[in-house]
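Below is one structure, written out as structure tokens, with a few remarks after it.
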Amino acid sequence: MSKKAAIIGLGARGVAWAELFRDAGWVVSGFDPDPEVTGLAAGTRGWRRGETISSTVAQADWVLCCVSDRLELMTKIIQRAQAEAPREAIIAVTSRQHDTDAVQGCAIRAQQVVLLSETAEGAPEVGLTHRNAPELRVSVLATLSEVCPAAVFSSGGEPADQFPDARSA
């Protein structure tokens, strides 16, 4: 894995994820159609702003969709990202309103899509379904543990440590 992340949507959530990935040593590119939304400071090491979704996701291992919770918008972005990103890229969607099945239902390759949300208590949660292979589950949880070492991610009510090798993959 080349450790390249693409962030689509550079509002507060997108910038927070961009900083987490960058601080974990990933190369981060970001895209937002609003020129007023700046993302990370220009010239920040390990960061670049893409001109289009296509150019932003072209080399990404992870694509984070951090846009407003409108399913029709998410659908367009997920499909564009999957059409332009490497086939094995993980597409992570941040949402507080939609469940994993709804988000995966938007995708060309549902098995590569995960949901990032929060529990009622505010703890980070990863939405995975039967569509996601066990290897992808381990990879997702390992990456999130690397990027957010202080967080304990859960999946479907199960703590991340219930997944074998999730922190060592």
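For this chain, numbers begin at 1 and follow the sequence in order.
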With rounding to the nearest 0.5 Å, note down the distance linking [atom1] in [X] to [atom2] in [Y].
X	Y	atom1	atom2	answer
Lys76	Arg70	NZ	CZ	8.0 Å
Arg13	Thr94	CZ	OG1	3.5 Å
Leu136	Gln111	CG	CD	8.5 Å
Glu125	Leu116	CD	CG	10.0 Å
Ser68	Gln97	OG	CD	9.0 Å
Asn132	Thr100	CG	OG1	8.0 Å

message: With a 4.5 Å cut-off on side-chain heavy atoms, are Asp101 and Arg131 touching?
response: yes

query: Heavy atoms, side chains only, cut-off 4.5 Å: are Val15 and Ile7 in contact?
result: no

Is a donor on one side and an acceptor on the other found under 3.5 Å between the side chain of [X] and the backbone of [Y]?
X	Y	result
Ser55	Thr52	yes
Asp61	Ala89	no
Arg87	Arg109	no
Gln82	Ile108	yes

Looking at every heavy atom in both [X] and [Y], which two are closest together, and how far apart are they?
X	Y	result
Arg137	Leu128	CG-CD1, 3.7 Å
Trp17	Cys66	CD1-SG, 4.0 Å
Trp47	Leu10	CH2-CD2, 3.7 Å
Cys106	Thr75	SG-OG1, 2.9 Å
Ser95	His98	OG-N, 3.0 Å
Ala58	Pro86	O-CD, 3.4 Å

message: Is there a side chain to side chain contact (heavy atoms under 4.5 Å, CB included) between Arg49 and Asp32? Walk through the geometry before answering.
response: CA-CA 8 Å; Arg49 182 165 178 152; Asp32 197 297; 3.7 Å; yes

message: Take a 6.0 Å sphere around CD of Gln59 and say whether it holds more than 12 heavy atoms from other residues, nucleotides or ligands.
response: no

query: Considering residues, nucleotides and ligands other than Arg80, do more than 12 of their heavy atoms fall under 6.0 Å from its CZ?
result: no

message: Using 30° and 60° as the class boundaries, would you call the ring planes of Phe21 and Trp26 parallel, tilted or perpendicular?
response: perpendicular

task: Check the pair Val28 / Trp62 against side chain to side chain contact (heavy atoms under 4.5 Å, CB included), numbers first and verdict last.
output: CA-CA 10 Å; Val28 179; Trp62 269 70; over 6 Å; no

message: Once side chain to side chain donor-acceptor pair (under 3.5 Å) is applied, do any residues pair with Glu51, and if so which ones, sequence neighbours excluded?
response: none

message: Can you tell whether the side chains of Glu146 and Lys3 come within less than 4.0 Å, N to carboxylate O?
response: yes

message: Which residues end up grouped with Leu73 if you chain together Ile, Leu, Val, Met, Phe, Trp and Tyr wherever their side-chain heavy atoms are less than 4.5 Å apart?
response: Ile8, Phe31, Ile53, Val57, Val63, Val67, Leu71, Met74, Ile77, Ile78, Ile91, Val93, Val103, Val113, Leu115

